Amino acid sequence: MPSTLASRASSRPPVQDGDALAAIDLGSNSFHMVLAQHTLGQLRVVDRLRETVRMADGLDGAGGLSEPSRQRALDCLARFGQRLRGVPRLHVRALATNTVRQLRDPQSFLAPAEAVLGSPIEVVSGREEARLIYLGVAHAQPPKPGQLRLVIDIGGGSTEFIIGRGFDPIERESLQAGCIASTRRFFPSGRLSKKKWKDALTEISAEFQQFAGLYRALGWQEALGSSGTHKAIGEICAAMKLTKGAITAEALPQVRERLLQADSIDQIDLPGLSSDRRPIIAGGVLVLEAAFQALGLQKLLVSKAAMREGILYDMLGRGGGNDPRDASVDALTRRYGIDEAQAARVEGTAIRLHEQVAGAWSLDDDDARMLGWAARVHELGLAIAHSQYHVHGAYVLEHSDIAGFSRQEQQVLAALVRTHRRGVPKNAFDALPDRLLLPAKRKAALLRLAVLLHRSHDGDHIPRLDLAADGNRLQLVMDRDWVETRPLLRADLLVEKEGMPGLGIEFQPMVA
């Protein structure tokens, strides 16, 4: 059952009428920012910024990023940061996608990027990106009741495919083939030919086979394409008088034939094509033609919305009673057969401890919610094996696609589960950015104590539980009579004095 404790620890204040919200999408081709105002239950867009950054152009084969691409990205984010002045930090959300996912050392880019933007930047998985894309499209163009729709988003580095009903995605896939990546991969010299195109189409189409059969079997009543690539191809179709802006199975081959009249990418002459889109349009048309063939598409409408709109609506959910992360944690609880009664006991005590030290340790409602989720899934690894179950659980949490969670959020969740018992490895928190490191270690200490106090798996009320924090010192005072009747607890508390230093915390248990 959903936890009421985690729900009370709302991660963000509810969005009020008149509040400003900002969503930033760090795409592989372009960076976008949308600013909106929440008015009478609706989002009203007040400003949009877009810059062609082509960050994916700077990727090398080893996860490095060229200095020109890095600088273009930082310069753009600095301009975005200037526009964000006056927007409350809790109402700003910036997400990075495929190019940052591929970096060997993401923090070497994210740290200076966050500094110039003035806001944290989260990295999302391809499937989480797909969920947000669908959310944005569904709100911009509400579907008919019960209708299944297919949404495709061709980005710079990846392409997302989603089948959903209403506002809920049913199937989500992310393919490592975007307009920039495919142009670089199949036409590295810039030369075009029908043979190169045919070979590239065969190779990309093979990659679609991993999910095309499932998608075609599920079916859809409407297909929509989001992002700049689909908009550009739709405008080409209209300029060539093939359609009124939609993309069809009859029009797309004619666009491709017109494109291939050029011998090289810089000679492409397509009606309605902007100069900034010319260097990457070949890869976009290639991916779309492969999608039409693999999925049996006949017609694709173009949506004005994309992930950035989805981020805005996701923020509304996080600030209200519809946080998708709650549903994801509940799903994990059911899937792995977690003892919900024990999880609720641990969660309740963890939140109780958090409330007592939140001020001294600068922990906020976001930290409380993350602590609650960690408590709810801390025994997840028992479904795999009892031995080292905290290690198994942490691995599952870090490497799964969990809807609603960014990569950094999953890394924090995994670190808390990994360190909730036994010794704390020196590398347990290495994946976290510096801004999350200290609060993560402090949450880990609270979770360790909550798990320790409920090791017996009974529902006994803890009569006294006074926790005080002062810097890296933590003092717990408990009822003497209650502790004296629990020799295992007494022993565990003494052992914990040796475990806490692994978190940089000096722990002192006391009775009174």
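Just so it is clear, the structure is predicted and the values come from calculations on it, not from any experiment. Throughout, numbering of the chain's residues begins at 1 and tracks the sequence. The analysis underlying the following values was restricted to heavy atoms, covering all of them including side chains, and did not include hydrogens, waters or symmetry mates.
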Exercise. For Glu409 and Arg318, what are the C-alpha separation, side-chain angles and deciding distance, and is it a salt bridge (Lys or Arg N to Asp or Glu O under 4.0 Å)?
Worked result: CA-CA 14 Å; Glu409 288 172 332; Arg318 287 185 171 211; 3.3 Å; yes

Problem set entry | side-chain contact (heavy atoms from CB on, under 4.5 Å) assessment of Leu436 paired with Gln408 | CA-CA 9 Å; Leu436 299 178; Gln408 290 97 323; 4.1 Å; yes

Exercise. Run the side-chain contact (heavy atoms from CB on, under 4.5 Å) check on Lys441 and Leu437 step by step: do they pass?
Worked result: CA-CA 6 Å; Lys441 289 184 175 181; Leu437 189 57; 4.0 Å; yes

Quick test of your reading: applying salt bridge (Lys or Arg N to Asp or Glu O under 4.0 Å), list the pairs with at least one residue in [range], sequence neighbours left out, ordered by first then second residue.
range            : answer
residues 21-31   : Asp25-Arg308
residues 101-113 : Arg101-Glu129
residues 160-178 : Arg127-Glu173

Lys/Arg-Asp/Glu bridge criterion (N-O < 4.0 Å) met for [X], [Y]:
X      : Y      : result
Glu379 : Arg345 : no
Glu347 : Arg352 : no
Arg369 : Asp366 : no
Glu122 : Arg93  : yes

Problem set entry | Derivation and outcome, side-chain contact (heavy atoms from CB on, under 4.5 Å), residues Leu297 and Ile152 | CA-CA 11 Å; Leu297 285 166; Ile152 302 175; 3.8 Å; yes

Does [X] reach the side chain of [Y], with side-chain heavy atoms less than 4.5 Å apart?
X      : Y      : result
Leu95  : Val123 : no
Ile24  : Ile311 : no
Asp430 : Leu432 : no
Ile236 : Met240 : yes
Ile180 : Thr99  : no
Thr248 : Cys237 : no
Met55  : Phe31  : yes
Asp19  : His91  : yes

When rounded to the nearest 0.5 angstrom, what is the spacing between [atom1] in [X] and [atom2] in [Y]?
X      : Y      : atom1 : atom2 : value
Asp75  : Arg70  : CG    : CZ    : 10.5 Å
His354 : Trp361 : NE2   : CH2   : 10.5 Å
Ile281 : Leu288 : CD1   : CG    : 9.5 Å
Ile133 : Ser227 : CD1   : OG    : 7.5 Å
Asp314 : Glu309 : CG    : CD    : 13.0 Å
Trp220 : Ile170 : CH2   : CD1   : 12.5 Å

Exercise. Does the pair Leu35 and Leu21 meet the rule for a side-chain contact (heavy atoms from CB on, under 4.5 Å), with working shown?
Worked result: CA-CA 6 Å; Leu35 291 100; Leu21 299 173; over 6 Å; no

Exercise. Crowded around Asp434 CG? As in, over 12 foreign heavy atoms under 6.0 Å?
Worked result: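 Not more than 12 within 6.0 Å, no.
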
For this session: Take atom CD of Gln210 as the centre, draw a 6.0 Å sphere, and report whether it contains more than 12 heavy atoms from other residues, nucleotides or ligands.
Result: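 Result for CD/Gln210: enclosed.
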
Exercise. Considering residues at least two apart in sequence or located in another chain, which fulfil the salt bridge (Lys or Arg N to Asp or Glu O under 4.0 Å) criterion with Arg435?
Worked result: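 Arg435 satisfies salt bridge (Lys or Arg N to Asp or Glu O under 4.0 Å) with Glu114 once adjacent residues are dropped.
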
Exercise. How are the rings of His390 and His420 set to each other: parallel, tilted or perpendicular (split at 30° and 60°)?
Worked result: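 The rings of His390 and His420 stand perpendicular, inter-plane angle above 60°.
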
Exercise. What is the ring orientation for Tyr215 with Phe211, classed by angle as parallel under 30°, tilted 30 to 60°, or perpendicular over 60°?
Worked result: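 Tyr215 vs Phe211 ring planes: perpendicular.
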
List the atom pairs, donor and acceptor, that lie under 3.5 Å between side-chain atoms in residues 135-151 and the rest of the protein, sequence neighbours left out.
{"unit_1": "His139", "atom_1": "ND1", "unit_2": "Leu135", "atom_2": "O", "d": "3.0"}
{"unit_1": "Gln141", "atom_1": "OE1", "unit_2": "Ser303", "atom_2": "OG", "d": "2.6"}
{"unit_1": "Arg149", "atom_1": "NE", "unit_2": "Glu222", "atom_2": "OE1", "d": "3.2"}
{"unit_1": "Arg149", "atom_1": "NH1", "unit_2": "Gln141", "atom_2": "O", "d": "2.7"}
{"unit_1": "Arg149", "atom_1": "NH2", "unit_2": "Gln141", "atom_2": "O", "d": "3.1"}
{"unit_1": "Arg149", "atom_1": "NH2", "unit_2": "Glu222", "atom_2": "OE1", "d": "2.7"}

Exercise. So, the side chain of Thr243 versus the backbone of Gly245: is there a donor-acceptor pair under 3.5 Å, distance only?
Worked result: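 Side chain of Thr243 to backbone of Gly245: a pair is present.
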
For this session: Measure centre to centre between the rings of Phe167 and Tyr134, then say whether the value is under 6.0 Å.
Result: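 No, the ring of Phe167 stays outside the 6.0 Å limit from the ring of Tyr134, centre to centre.
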
Problem set entry | No-hydrogen, no-angle side-chain donor-acceptor test under 3.5 Å, Asp326 and Trp373 |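 The criterion, which ignores hydrogens and geometry beyond distance, is satisfied for Trp373 and Asp326.
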
Exercise. So, Ser274 and Arg277: side-chain donor and acceptor under 3.5 Å apart, yes or no?
Worked result: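 Arg277 and Ser274 do not have a side-chain donor-acceptor pair below 3.5 Å.
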
Problem set entry | Single hit among Arg335, Arg376, Arg325 for side chain to side chain donor-acceptor pair (under 3.5 Å) with Asp330 |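 Only one of Arg335, Arg376, Arg325 forms a side chain to side chain donor-acceptor pair (under 3.5 Å) with Asp330, namely Arg376.
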
For this session: Just jot down the side chain to side chain donor-acceptor pair (under 3.5 Å) partners of Asp57, sequence neighbours excluded, or say none.
Result: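 Side chain to side chain donor-acceptor pair (under 3.5 Å) list for Asp57, sorted by chain: empty.
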
